[in-house]
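Working notes for the structure below.
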Amino acid sequence: MRLIVVLFALLAGIIPASAQPIPYHADPSAREILPNLAPVPAIRFLTTADFPPFNFRDAGGELIGFNIDLARRICTEVNVACTVQAWPWEQVSNALADNQGDALIAGLDMSAQNGAKFDFSSIYLALPGRFVTRAGDIAAFSTAALKGKTVSVRTGSRHEEFLKRYLPNVTIAGFPSEVEALAAVQNNQAEAFFGDAMRASFWLNENLSCCGFAGEPYFRPDLFGEGLSIAVPAGHDAVRQVIDWALIKLKNKGTLDELYLRWFPVGFY
């Protein structure tokens with residue numbers, strides 16, 4: 001874990017040519033309505049400190065990451081005071097429900113159970129599925145050409161379900177983890193990997209000479225989840241509307257792309 005933290009801290013200032021901007025996850029032509037900021041003099045963000053590169057502590061103990069930067073940019077955009085406090089994952093949603101914070105930026109699942117207690121902002125980062133192949137196979141890649149070929153995947157994942165549903169003619173090789181499934185491509189045990197693009201990007205960052213993303217990203221909210229959003233206590237519409245408005249402005253100004261390019265050296269879109 002310490003090595004991962006150091007790695008992301010070093011990469012935070014690097015923007016390689018392989019990265020690309022975030023696509024719009026909402027209608028870019030949607031009308032922007034400036035919310036009434038009077039009821040929101042400050043936003044108390046809650047997060048965790050165990051999920052690099054989103055939220056973690058650097059070697060000096062400072063809380064950093066994509067989510068941390070985003071929370072602070074949201075507050076700056078709407079000109080309100082801002083605090084970011086880290087909690088253990090198993091306690092952070094209860095802390096939000098107990099009014100110990102105004103918003104939770106830590107990848108809380110937008111499940112029906114959580115929806116009964118919290119409202120969610122618009123999506124700020126969708127998490128697509130993607131294929132990974134060896135570098136020499138990227139240019140000629142097509143899903144049609146995978147017929148009869150071996151595709152590695154994490155066993156029991158929604159990405160395995162995707163392959164069974166949409167590509168029944170491929171041979172699926174299941175592995176206990178994404179890392180092992182990706183290594184199967186590197187070791188010529190599979191022609192391609194299919195899985196969570198974000199997690200694959202972390203592996204690719206250390207294996208760029210071997211492999212890369214091939215084809216287009218697949219957005220399937222019913223399988224892969226809707227993506228990342230910010231949770232607020234149910235009914236706290238003023239805070240949610242301020243956050244939504246700030247996210248639109250940050251995307252239109254390029255700030256959201258800037259943060260993404262900073263924290264994800266290998267872009268996954």
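By convention here, the first residue in the shown sequence is residue 1.
Nearest heavy atom pair, residue Asp119 against residue Ala234, reads OD2-CA, 3.5 Å. In this structure, Val232 and Ala103 approach most closely via the heavy-atom pair CG1-CB, 4.1 Å. Between Phe213 and Ala200, the closest heavy-atom pair is CE2-CB, 3.9 Å. Among all heavy-atom pairs drawn from Phe219 and Pro128, the shortest one is CE2-CB, 3.8 Å. Summarising the geometry of Pro88 relative to Thr48, their closest heavy-atom pair is C-CG2, 4.4 Å, with the distance given to 0.1 Å. The nearest pair of heavy atoms linking Val132 to Cys211 is CG1-CB, 3.9 Å.
For Lys117, the NZ atom sits in a packed shell: over 12 heavy atoms of surrounding residues, nucleotides or ligands are nearer than 6.0 Å. Under a cut-off of 6.0 angstrom, the local environment of CD in Gln91 is crowded, with over 12 non-hydrogen atoms contributed by other residues, nucleotides or ligands.
Listed for the Ser152 side chain is a donor-acceptor partner under 3.5 Å among the backbone atoms of Ala181. For Asp58 (side chain) and Gly60 (main-chain N/O), a donor-acceptor pair under 3.5 Å exists by modelled atom type. No side-chain donor-acceptor contact under 3.5 Å links Asp98 to the backbone of Gln100. With hydrogens and angles disregarded, no donor-acceptor distance shorter than 3.5 Å links the side chain of Asn205 to the backbone of Ser201.
Taking 4.5 Å as the limit, every side-chain heavy atom of Pro52 sits out of range of all side-chain heavy atoms of Phe202. Residues Val80 and Val242 have side chains not in contact (no heavy-atom distance under 4.5 Å, counting atoms from C-beta outward). A 4.5 Å side-chain heavy-atom check between Cys210 and Trp203 finds at least one atom pair inside the cut-off. Side-chain contact between Ser121 and Leu247 is present, with heavy atoms from C-beta onward closer than 4.5 Å. Between Gln113 and Phe118, every side-chain heavy-atom pair lies at or beyond the 4.5 Å cut-off. Between Leu250 and Ile74, some side-chain heavy-atom pair lies under the 4.5 Å cut-off. Counting only heavy atoms from C-beta outward, the side chains of Phe56 and Ile64 approach each other to under 4.5 Å. Between Thr171 and Lys149, every side-chain heavy-atom pair lies at or beyond the 4.5 Å cut-off.
Summarising the geometry, atom CG belonging to Leu256 is positioned 7.5 Å from atom CG belonging to Leu125; distances are rounded to the nearest 0.5 Å. Going from atom CZ of Arg158 over to atom CD of Glu161 covers 5.5 Å, rounded to the nearest 0.5 Å. To the nearest 0.5 angstrom, Asn207 atom CG is 13.0 Å from Arg134 atom CZ. To the nearest 0.5 Å, atoms CD (Glu160) and OG1 (Thr155) are separated by 5.5 Å. Distance check, rounded to the nearest 0.5 Å: CD1 of Ile123 to OG of Ser229 gives 4.5 Å. We find the CD1-CD1 distance between Ile230 and Ile105 to be 4.0 Å, quoted to the nearest 0.5 Å.
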**Message:** Run Ile68 and Thr47 through side chain to side chain contact (heavy atoms under 4.5 Å, CB included) and show every step you take.
**Reply:** CA-CA 8 Å; Ile68 310 307; Thr47 189; 3.7 Å; yes
**Item:** Criterion side chain to side chain contact (heavy atoms under 4.5 Å, CB included) on His159 and Asp196, from CA distance to verdict
**Value:** CA-CA 7 Å; His159 302 90; Asp196 179 79; 3.9 Å; yes
**Request:** Kindly determine whether Asp102 and Phe45 satisfy side chain to side chain contact (heavy atoms under 4.5 Å, CB included), including the steps that lead there.
**Result:** CA-CA 6 Å; Asp102 302 305; Phe45 278 99; over 6 Å; no
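Residues passing the side chain to side chain contact (heavy atoms under 4.5 Å, CB included) test with Pro233 are Leu96, His236, sequence neighbours excluded.
Through direct or indirect side-chain contacts shorter than 4.5 Å among Ile, Leu, Val, Met, Phe, Trp and Tyr, Phe175 is connected to no other residue. Here Val151 is tied into one hydrophobic group with Phe131, Phe141, Leu146, Val153, Phe162, Leu163, Tyr166, Leu167, Val170, Ile172, Phe194, Tyr218, Leu223, Phe224, each link being a pair of ILVMFWY side chains closer than 4.5 Å.
Hydrophobic clustering of Ile, Leu, Val, Met, Phe, Trp and Tyr side chains at less than 4.5 Å, counting indirect connections, unites Leu261 with Leu70.
There is a side-chain donor-acceptor pair under 3.5 Å between Asn67 and Asn55. Trp87 and Gln85 are linked by a side-chain donor-acceptor pair at a separation below 3.5 angstrom, with hydrogens and angles left out of the test.
A ring-ring contact (aromatic ring centres under 6.0 Å, His included) with Tyr260 is found for exactly one of Tyr124, Phe54, Tyr269, namely Tyr269.
Listed by first and then second residue, the salt bridge (Lys or Arg N to Asp or Glu O under 4.0 Å) pairs involving residues 217-241 are Arg165-Asp222, Asp237-Arg240, Arg240-Asp244 (not counting sequence neighbours). Pairs engaging residues 67-90 under the salt bridge (Lys or Arg N to Asp or Glu O under 4.0 Å) rule: Asp69-Arg262, Arg73-Glu258, Glu77-Lys253 [sequence neighbours left out]. For residues 172-182, the side chain to side chain donor-acceptor pair (under 3.5 Å) pairs, not counting sequence neighbours, are Arg154-Glu178, Ser177-Glu180, Glu178-Arg199.
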